[in-house]
Every structure is written in structure tokens, then in C-alpha cells.
Amino acid sequence: MVCLNGPAARMNNVGDEIIVIAYAQMTPEEALLHRPQVILVDEKNNPLKKN
């Protein structure tokens, strides 16, 4: 479940598409090894493609 709070909660409705972005704090050495993932889903939140 994704729950929107604050101003975002008043601008969106159930069924709206959203983009979820996550941030991480890491050392420069960790950042060199980090590979971000993008997961696209269908209308029922089933994964379509994983990069």
C-alpha cells in the first residue's frame, strides 16, 4: 500500500499513477558499486520489466 500524506494527499485520488523515488546515503565507494533499479508495473501492480 502506498499512502500519500500532506499536500500530495489532497492532489491525488485512488487509482492515480504515481512515481516512487527512493534516496540513499552512501560513501563514494559504495556509490561506485550501486546499481539503481527501475520496476515498471501494469494496472494491477504486477511487475512488467526490471532494469
Side-chain angles (χ1 to χ4, degrees):
M1 172 192 274
V2 174
C3 177
L4 302 175
N5 292 304
R10 299 188 95 4
M11 298 185 69
N12 294 286
N13 295 303
V14 173
D16 286 353
E17 292 183 20
I18 62 168
I19 298 171
V20 177
I21 301 173
Y23 296 92
Q25 214 172 8
M26 58 187 78
T27 66
E29 294 78 23
E30 291 170 324
L32 289 173
L33 299 174
H34 179 69
R35 298 293 173 254
Q37 293 184 356
V38 175
I39 301 172
L40 303 174
V41 297
D42 65 15
E43 305 82 34
K44 295 185 180 189
N45 288 331
N46 297 311
L48 294 176
K49 182 179 176 182
K50 187 174 179 180
N51 293 350

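Basis for what follows: all heavy atoms, side chains included, without hydrogens, waters or symmetry-related copies.
Qualifying side chain to side chain contact (heavy atoms under 4.5 Å, CB included) partners for Asn45, counting only residues two or more places apart in sequence or in other chains: Val41. Partners of Gln25 according to the side chain to side chain contact (heavy atoms under 4.5 Å, CB included) rule, which considers only residues two or more places apart in sequence or in another chain, do not exist here.
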Could you pull out every donor-acceptor pair under 3.5 Å between side chains of residues 3-23 and any protein atom, sequence neighbours left out?
from  : atom 1 : to    : atom 2 : distance (Å)
Asn12 : ND2    : Ala8  : O      : 2.8
Asp16 : OD2    : Asn13 : N      : 2.7

